[in-house]
Trainee: 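Quick one: the structure is below, and I'll ask about it shortly.
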Amino acid sequence: MIQVPDRHGRFGAFGGRFVPETLMNALIELEEAYNKFSADPKFQEQVDYLLKQYSGRETPLYYAERLSAQLGGAKIYLKREDLNHTGAHKINNAIGQAILAKMMGKKKVIAETGAGQHGVATATVAALLGMECKVFMGEEDTRRQQLNVFRMKLLGAEVIPVTSGSRTLKDAGNEALRYWVSNVNDTFYVLGSAVGPHPYPMMVRNFQRVIGDETRRQILEAEGRLPDLLVAAVGGGSNAIGMFYPFLEDETVDMVGVEAAGKGVDTPYHAATMSKGSHGVFQGSMSYLLQDEYGQVIEAHSISAGLDYPGVGPEHSYLKDIERVKYVPITDQEALDALKLLCVTEGIIPALESAHAVAQVAKIAPTLSKDDIIVICLSGRGDKDVESIMAYTEGEGLK
Amino acid sequence: MTTETTNRMDVTFRRLKEQGRAALIPFLTIGDPDLETSLAIIAELEAAGADIVELGVPYSDPLADGPVIQRASSRALRGNIHLRTCMETALKAREAGSKLPFILFTYYNPVLQMGLDTFFAELNRHEISGLIIPDLPVEEAEEMRSRSREAGINLVPLVAPTSSERIAKIVSGASGFVYCVSSLGVTGVRASFHDDVDRFIESVRQATDLPVAVGFGISTPEQVARFSKICDGVVVGSAIVRKIEEVIFLLEDPAKRADGLLQIRDFVAQLRP
């Protein structure tokens, strides 16, 4: 496979840098700083130290024996990103970017957040490193995720409710970029997913690849061979790309990215960017995008706030088009059923995002043999979702 | 070059240069509050002394815009205004007698979805002289640049105070004029400008023979006068869009519509350098 991205930040036809000229210099500076510091052993040392001593890495690769038996097919392992400090994989990237910010001499960080996981991770690391932190969050999401709003405030961050557009994640991202345009001189934008203009998709992937690197080592230790299938949920796609990337050249390893089908891909209420989207430019890069015939961005829908996004990282679009990774949709209901299944078989409450990956495995594991090995990226824990699950359950009922 | 003789925008800049004055370039969001009113506003802008008009295409995710133009975009989108309708508005304004050069201000994605072949054919058919695509930096603009050149349309590049070494690359091969972003940030009214802005505009002047215009945050006659001394054009956007927003309740009332339009005309007329 060719190495992506190229020097223009292109993953094949995707990626690039579609931003106002006012941001170009900041992105070039960021790219240069990232290239310089990521080659510096001291930088990696600091990142590794915090990942280990602060976030608790490495995270276990857990053999889900009862889930495997229940589904009656392949052997299923869970990569326990939910056991990270702050409860999800988001901290891997937040630690990396915040240390980079510090090395660049920036004293202020900003972030966008949907459900609040990336906002909490950024607020956490900002507190740890003594930096000022502002988090942009759609007003609608601040209502849905009050607990995370309070959590961020407790950590010393300022939460800025975004009232433009649909008042959700995409608008929080727009507003963070707008704020950054005005404050590029002293502010670092900690972007939370493998999306946005170059170098973000590459940088976020590289900070998240620790998921796949560890998994590779751990599965070789446990099974003496590579897995047959990796499954991860895809919103912007940072946990998925982190899991997939170190395995891309292993031809025997199949990969499936699971996106949110909401109420169904044939209804207007989904976030199935890969299944239903088309090529477009959104938030700084070319990728698959949910849009209408006039190129206006369509609002996404998913029970999972982390997957409720009309775009997707450009590297995923590339991996889809070269047919290296398959992308499939899972509905709200399927995700809820899978969440319940994991709760009762393993005593693990997964995040709604991760439950989408579990749901896909629940579909295919029974069709595979007992010798097949599947690894699910369990990207986050479900504590944050308990309230929305309750609301949904009382509305439509968990089967 | 043929474009120099036929492109309405180039002709205007040459004439203004002979007259020794700077172009006043107002901006409006097409379809805010509706198409017919946009046409009426274009006529008022012309009557108020506008030299060139920027026609803003409403977009769902206007990254470079501040709250005023974001709100205008949302209002227009409720009326299903799209790239094509904006182009048609230019032609309708022409048919109604407008002599002004039109610049289409649009984000890149609507252009991509229309397809570049259709887009350029339509631009010409609708008598649009120039293009501003705020989220298409020079590195991504190669094809748009060559297509614009072939079509005789000016793809107007933006330069920012942070562009520094990039300025040369941005202005080389550009046409129409060079648009200087007055200060960092999104579109919207600013109370004051940093002194560095003069040095910045001067550095752009040094780098190009094209006319140089400035925009972002310019809202008062004093500011227009200040920049008219050092630039060939001054763009006023959010201040006009805000004025339109203020008088929407008049524009939407048949009995008071004329008063609303007159207020917009007066506002723009007093900006005139």
Side-chain angles (χ1 to χ4, degrees), chain A residues 7-10 13 15-29 162-167 170-187 196-198 278-287 289-299 310-311, chain B residues 57-67 69-71 73-74 77 80-86 106-115 119 133-142 157-167 169-170 179-188 190 216:
Chain A
R7 63 193 179 85
H8 301 292
R10 291 282 184 163
R17 227 173 227 162
F18 296 87
V19 293
E21 175 59 26
T22 35
L23 273 184
M24 284 304 289
N25 200 44
L27 290 169
I28 292 166
E29 232 173 58
V162 174
T163 56
S164 58
S166 57
R167 305 176 183 215
K170 87 171 172 78
D171 308 287
N174 289 342
E175 213 49 45
L177 279 167
R178 288 184 186 118
Y179 180 90
W180 197 34
V181 168
S182 313
N183 298 276
V184 284
N185 293 328
D186 63 353
T187 302
H198 182 61
S278 53
H279 296 195
V281 163
F282 177 58
Q283 292 186 340
S285 61
M286 176 85 74
S287 201
L289 174 65
L290 293 176
Q291 56 186 329
D292 69 14
E293 58 178 309
Y294 304 107
Q296 308 284 352
V297 180
I298 294 176
E299 281 168 33
Chain B
V57 179
Y59 185 52
S60 55
D61 294 78
L63 256 191
D65 287 304
I69 295 178
Q70 285 176 43
R71 287 199 299 272
S73 250
S74 307
L77 285 175
N80 282 319
I81 306 299
H82 299 297
L83 181 54
R84 191 180 292 271
T85 32
C86 293
T106 177
Y107 286 86
Y108 190 39
N109 198 48
V111 175
L112 267 184
Q113 299 319 310
M114 180 177 273
F119 179 64
I133 306 180
D135 56 349
L136 195 68
V138 62
E139 284 81 354
E140 305 286 357
E142 211 171 297
L158 276 79
V159 289
T162 46
S163 298
S164 35
E165 312 93 77
R166 297 170 47 75
I167 292 176
K169 178 159 63 166
I170 294 168
Y179 189 138
C180 299
V181 176
S182 68
S183 45
L184 293 177
V186 291
T187 58
R190 289 159 177 66
F216 277 49

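Quick note on labels: first sequence line is chain A, next is B, and so on, each numbered from 1.
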Trainee: If I compare all heavy atoms of B:Y59 with all of A:G295, which pair ends up nearest, and what's the gap?
Mentor: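 Shortest heavy-atom separation between B:Y59 and A:G295 comes out as CE1-O, 3.2 Å.
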Trainee: Distance-only, no hydrogens or angles: does the A:Q283 side chain make a donor-acceptor pair with backbone N or O of B:D61 under 3.5 Å?
Mentor: no
Trainee: With only heavy atoms counted, which part of B:P137 is less than 4.5 Å from chain A, the side chain, the backbone, both or neither?
Mentor: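 Both parts, backbone and side chain.
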Trainee: Any side-chain heavy atom of A:R17 sitting closer than 4.5 Å to one from B:E139?
Mentor: no
Trainee: Report yes if the side chains of A:N174 and B:Q70 come closer than 4.5 Å at any heavy-atom pair, otherwise no.
Mentor: no
Trainee: Measure A:F282 against the heavy atoms of chain B and call it side chain, backbone, both or neither at under 4.5 Å.
Mentor: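 Only the side chain of A:F282 comes within 4.5 Å of chain B.
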Trainee: Given a strict heavy-atom distance threshold of 4.5 Å, which part of B:L63 is in contact with chain A: side chain, backbone, both, or neither?
Mentor: both
Trainee: Is A:N183 in contact with chain B via its backbone, its side chain, both, or neither, using a 4.5 Å heavy-atom distance?
Mentor: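 No part of it gets close to chain B.
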Trainee: Quick one: closest heavy-atom pair of A:H279 and B:Q113, and the distance?
Mentor: O-NE2, 3.0 Å
Trainee: Return the minimal non-hydrogen interatomic distance between A:L289 and B:N109, and the atom names on each side.
Mentor: CD2-ND2, 3.6 Å
Trainee: How close do A:S182 and B:V186 get, heavy atom to heavy atom, and via which atoms?
Mentor: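 Heavy atoms only, the tightest pair is OG-N, 4.1 Å.
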Trainee: Nearest 0.5 Å please: distance from the OG1 atom of B:T187 over to the CZ atom of A:R178.
Mentor: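 If we round to the nearest 0.5 Å, B:T187:OG1 and A:R178:CZ are 8.5 Å apart.
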Trainee: Side-chain contact test, heavy atoms from C-beta onward, threshold under 4.5 Å: evaluate it for A:E21 versus B:I170 and give yes or no.
Mentor: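 SC-SC contact between A:E21 and B:I170 confirmed.
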Trainee: Please report the shortest heavy-atom distance between B:S60 and A:V297, naming the atom on each side.
Mentor: OG-N, 2.8 Å
Trainee: How long is the straight-line distance from CG of B:L158 back to CE of A:M24, given to the nearest 0.5 Å?
Mentor: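 So the gap between those two atoms works out to 12.5 Å.
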Trainee: Side chain from CB out, backbone as N, CA, C, O: work out which of these in A:I298 comes under 4.5 Å of a heavy atom of chain B, or both, or neither.
Mentor: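 Contact with chain B involves no heavy atom of A:I298 at all.
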Trainee: Looking at A:V184, A:T22, A:I28, A:V19, which makes the most heavy-atom pairs under 4.5 Å with chain B?
Mentor: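 Most pairs with chain B among the choices: A:V19.
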Trainee: Any side-chain heavy-atom pair from A:V281 and B:E140 closer than 4.5 angstrom?
Mentor: no
Trainee: For A:L23, is it the side chain, the backbone, both, or neither that has a heavy atom closer than 4.5 Å to a heavy atom of chain B?
Mentor: neither
Trainee: Under a 4.5 Å heavy-atom cut-off, does chain B meet the side chain of A:E299, its backbone, both or neither?
Mentor: neither
Trainee: Just give me the residue among B:V138, B:I133, B:V159, B:L77 that pairs up with chain A most often, heavy atom to heavy atom, under 4.5 Å.
Mentor: B:L77
Trainee: Most heavy-atom pairs under 4.5 angstrom with chain A, which of B:S74, B:P161, B:P62?
Mentor: B:P62
Trainee: Among B:A160, B:P67, B:A141, single out the residue with the greatest number of heavy-atom pairs under 4.5 Å to chain A.
Mentor: B:A160
